[in-house]
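We count ligands from 1, going down the list as the structure has it; atoms in each ligand are counted the same way. The chain is numbered in sequence order, starting from 1.
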Amino acid sequence: MKNLLDYTLEELVLWMKENNESSFRAKQIISWIYKGIKDFKDMRNIPKSLISKLEESFEISFPEIEEVYKSNIDGTEKFLLKFSDGNLIESVLMRYKHGNSICISTQVGCRMGCKFCASTIDGRVRNLTAGEILSEILVVQDYIGERISNVVLMGSGEPLDNYDNVMKFLELVCAEYGLNIGQRHITLSTCGIVPKIYELADKNLNITLAISLHAFSDEKRKEIMPIANKYTIEEILEACRYFINKTNRRVTFEYALVRGVNDTKEDAKALGKLLKGLLCHVNLIPVNEIKESLFKRSSKESIQDFSNVLKKLGIEVTVRREMGSDINAACGQLRRSYINTQKIGGE
Ligand code: SAH
């Protein structure tokens, strides 16, 4: 059965036409979804005959909240969500003064293979559909009873490796009839799938593009990110320039600092040189240590030094405030540790 959450208003209007129903019903039905109605029978203004037809063709499928973990440090909440096929994903809610922000997953697992990342260890299980990605926000919003105003696609999965579903998700999440979140409040993070960056740029969206760079040379990048074997940093930067020209939006470069791997002042200088003149922002992330990897986080001093070198070179830089470090908030950590404990429990 089709999940109604995967439908745009246009598609539902089309379905109405094909099924000899009035088009205006589509809008009524969709607005029930955003009021949190999960059963067609509760859609009070919809005639019974149409409800039966809908029930034959669609389901309204939300993930269940399997667990919620709340950080004692900063109130960040991590949601472990379970889809009807049993697959688990995680979404993280961060509360800021300027509003609630959610970090969502786009795939179950990931096949990009970054060495420091927990999401990728068992590869990609499957893509999430547009409606499933959207439902992460709906479920969390419903749970907290507050609006979510910012969305970052930085959870598990590579958004540009699930391009069509992610583009449809962007349409749904920004739609006036939907959550009506402004494009400026959305950030998409990618490890750098170059052809898809061009495609995204051509869509002329006002979203923020974030690139997981993590190294200043291809040689170093290859050590930690297999995607570097496919696309060079120069190719990524060229695609970023294209994105900036098209959208006039500042690109963010994420740089996870790993002790002894990419965190010296020389590394910082080289990075600064590389990015000079580009409309960009560097986000330094002290790497979250995962037990499957030997990577250790850089010391506070080297993070500060790294940041100072970039600033001196005229690069806009921030050090990511750590959120939820006590609740396994790094990509894919929670799902993994949860699956592992379930396995141990079952043995
Ligand atoms: N696949 C996309 C989005 C998901 S990862 C991407 O690569 O951008 C979101 C960000 O978290 C990326 O910058 C990723 O490199 C980073 N990340 C993953 N594991 C991490 C860890 N253990 N510590 C710090 N950052 C991590």
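- Contact atoms of ligand 1 toward Val287: 21 (C), 23 (N), 24 (C) (distance under 4.0 Å to a heavy atom of the residue).
- Heavy-atom proximity to Asn288, at under 4.0 Å, picks out these atoms of ligand 1: 21 (C), 22 (N), 23 (N), 24 (C).
- Counting non-hydrogen atoms of neighbouring residues, nucleotides and ligands closer than 6.0 angstrom, the CD atom of Glu146 exceeds 12 such neighbours.
- The side-chain tip of Lys78 does not point at the ring of Tyr69 from less than 6.0 angstrom away and within 45° of straight on.
- Considering each of Gly155, Ser189, Cys103, the one bringing a non-hydrogen atom nearest atom 4 (C) of ligand 1 is Gly155.
- More than 12 heavy atoms of other residues, nucleotides or ligands shown are found within 6.0 angstrom of OH on Tyr34.
- Where the criterion is an N or O separation shorter than 3.5 Å, residue side chain and backbone included, Phe116 meets it with respect to ligand 1.
- If you number the atoms of ligand 1 from 1 as listed, the ones under 4.0 Å from a heavy atom of Cys191 come out as 6 (C), 7 (O), 8 (O).
- Taking every heavy atom of Glu158 and a limit of under 4.0 angstrom, the matching atoms of ligand 1 come to 1 (N), 2 (C), 6 (C), 7 (O).
- Tyr231 does not carry Arg221 over the face of its six-membered ring by the limits of under 6.0 Å from the centre and within 45° of the normal.
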Inset, instruction - Would you sort out whether Phe58 and Trp15 count as a ring pair (Phe, Tyr, Trp, His ring centres under 6.0 Å), showing the intermediate values? - result: CA-CA 11 Å; Phe58 297 103; Trp15 187 91; 5.1 Å; yes
Inset, instruction - Evaluate the ring pair (Phe, Tyr, Trp, His ring centres under 6.0 Å) criterion for residues Phe306 and Tyr255: first the C-alpha distance (whole Å), next the side-chain angles of each, then the deciding distance (0.1 Å), finally the verdict. - result: CA-CA 11 Å; Phe306 200 99; Tyr255 194 100; 5.0 Å; yes
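- At a 4.0 Å heavy-atom cut-off, ligand 1 touches Thr190 through the backbone alone.
- Nearest to atom 7 (O) of ligand 1 by heavy atom, out of Ala210, Ser105, Ser212, Cys110, is Ser212.
- Counting the atoms of ligand 1 from 1 in the order shown, those under 4.0 Å from a heavy atom of Cys117 are 18 (C), 19 (N).
- Under the 6.0 Å distance and 45° angle rule, Lys38 counts as a cation-pi partner of Phe62.
- Heavy atoms from other residues, nucleotides or ligands lying under 6.0 Å from NZ of Lys203 number 12 at most.
- On a distance-only criterion, Gly157 and ligand 1 share at least one N/O pair closer than 3.5 Å.
- By the 3.5 Å distance cut-off applied to N or O atoms, Glu254 is counted among the residues near ligand 1.
- Ligand 1 has no atom lying under 4.0 Å from any heavy atom of Ser156.
- Residue contact check for ligand 1: His214 places a non-hydrogen atom closer than 4.0 Å to it.
- Sparse packing is recorded around CG of Leu294, with 12 or fewer heavy atoms of other residues, nucleotides or ligands lying under 6.0 Å away.
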